[in-house]
Amino acid sequence: MPIGRVLLTQAQIRKRVRELGHSLNRHYRGQQPIIIGVMNGALFFLADLLRAIDLGDAEISCLRLASYAGKKRTGQIRGLDALDQSVAGRPVLIVDDILDTGQTLVALVKRLKKLGASEIKTCVLLEKRRPRKVSHKPDWVGFRIANEFVVGYGLDYNSRYRTLRQIRVL
Ligand code: 5GP
Ligand code: MG
């Protein structure tokens with residue numbers, strides 16, 4: 001699979017992450033959210049975002065969720081069982097790489113509600129412009145992109161291209 005054009009440069013990503021950080025700082029001032037990063041895709045985004053926010057003693061937790069095998073969706077989200085009662089009564093911020101069908105975030109938000117989180121917000125670096133069966137409106141979005149498969153900055157294709165510094169179309 002040949003790698004395609006650069007969609008977002010390192011500089012564009014850096015600038016936008018900083019802006020998101022400012023916005024998150026304003027929303028969470030005086031609160032201590034649990035920040036849940038959805039691995040592995042959100043690895044770079046989460047790390048950069050955490051450097052752009054200043055929330056005192058925020059708690060970080062990583063969850064490994066998977067719905068893809070290669071470029072194909074498998075239709076079920078694996079990994080939600082790792083969540084436990086520790087979110088009860090706490091604000092939770094979910095950080096994910098990309099919102100595509102919305103399946104992943106809808107399932108995760110549903111589970112967190114069930115576990116009693118006091119507030120659930122979502123922050124995604126990318127949102128694909130496409131029709132969705134299940135609807136989820138993220139609270140913070142880095143970039144809205146066309147409905148193409150992208151890699152880099154944490155996003156992979158069968159475990160490849162994750163470490164690219166830019167985001168590229170596959
Ligand atoms: P959703 O459940 O919203 O359909 O998909 C979410 C997950 O699928 C994302 O967190 C991401 O891991 C993966 N995904 C969706 N679109 C893409 C894409 O264009 N490129 C890559 N590498 N992963 C994607
Ligand atoms: Mg993901």
Between [X] and [Y], what is the shortest heavy-atom contact and its length?
X: G89; Y: S118; result: O-OG, 3.5 Å
X: V92; Y: Y28; result: O-OH, 4.1 Å
X: R132; Y: D100; result: NE-O, 2.6 Å
X: W140; Y: K121; result: CZ3-CB, 3.6 Å
X: L115; Y: D84; result: CD1-O, 3.6 Å
X: V95; Y: A42; result: O-CB, 3.6 Å

Between [X] and [Y], is there shared hydrophobic-cluster membership here, with clusters defined by ILVMFWY side-chain heavy atoms closer than 4.5 Å?
X: L155; Y: L46; result: yes
X: L8; Y: L43; result: yes
X: L20; Y: V124; result: no
X: L24; Y: L125; result: yes
X: I167; Y: M39; result: yes

**OP:** Kindly determine whether V38 and D97 satisfy side chain to side chain contact (heavy atoms under 4.5 Å, CB included), including the steps that lead there.
**Re:** CA-CA 8 Å; V38 183; D97 51 0; over 6 Å; no
Are any of the side-chain heavy atoms of [X] and [Y] separated by less than 4.5 Å?
X: Y153; Y: V17; answer: yes
X: R168; Y: Y161; answer: no
X: V87; Y: S61; answer: no
X: I35; Y: I53; answer: yes
X: L80; Y: L65; answer: yes
X: L55; Y: Q31; answer: no
X: L99; Y: V141; answer: no
X: R129; Y: N147; answer: no

Please round to the nearest 0.5 Å and tell me the distance separating atom [atom1] of [X] and atom [atom2] of [Y].
X: H136; Y: Q103; atom1: NE2; atom2: CD; result: 13.5 Å
X: E59; Y: L93; atom1: CD; atom2: CG; result: 13.0 Å
X: L108; Y: L83; atom1: CG; atom2: CG; result: 6.0 Å
X: T122; Y: L105; atom1: OG1; atom2: CG; result: 5.5 Å
X: L63; Y: I36; atom1: CG; atom2: CD1; result: 6.0 Å
X: L112; Y: K114; atom1: CG; atom2: NZ; result: 12.0 Å

Original post:
Is it true that R111 and D81 have a side-chain N and a carboxylate O under 4.0 angstrom from each other?
Top reply: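 Here R111 pairs with D81 in a salt bridge, since their nearest N and O are under 4.0 Å apart.
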Original post:
Taking the side chain from R16 and the backbone from G142, do they hold a donor-acceptor pair closer than 3.5 Å?
Top reply: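 Answer holds: yes.
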Original post:
With no hydrogens and no angle check, is any side-chain donor or acceptor of R90 less than 3.5 Å from a backbone partner on Q32?
Top reply: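 Checking the backbone N and O of Q32 against the side chain of R90, a donor-acceptor pair under 3.5 Å is found.
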**OP:** Decide side chain to side chain contact (heavy atoms under 4.5 Å, CB included) for V106 and I77; before the verdict, give the C-alpha distance in whole Å, the side-chain angles of both, and the deciding distance to 0.1 Å.
**Re:** CA-CA 10 Å; V106 165; I77 313 298; over 6 Å; no
**OP:** Among L7, D156, N158, I3, find the residue that satisfies the side chain to side chain contact (heavy atoms under 4.5 Å, CB included) test when tested with V151.
**Re:**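 Of L7, D156, N158, I3, side chain to side chain contact (heavy atoms under 4.5 Å, CB included) with V151 is met by I3 alone.
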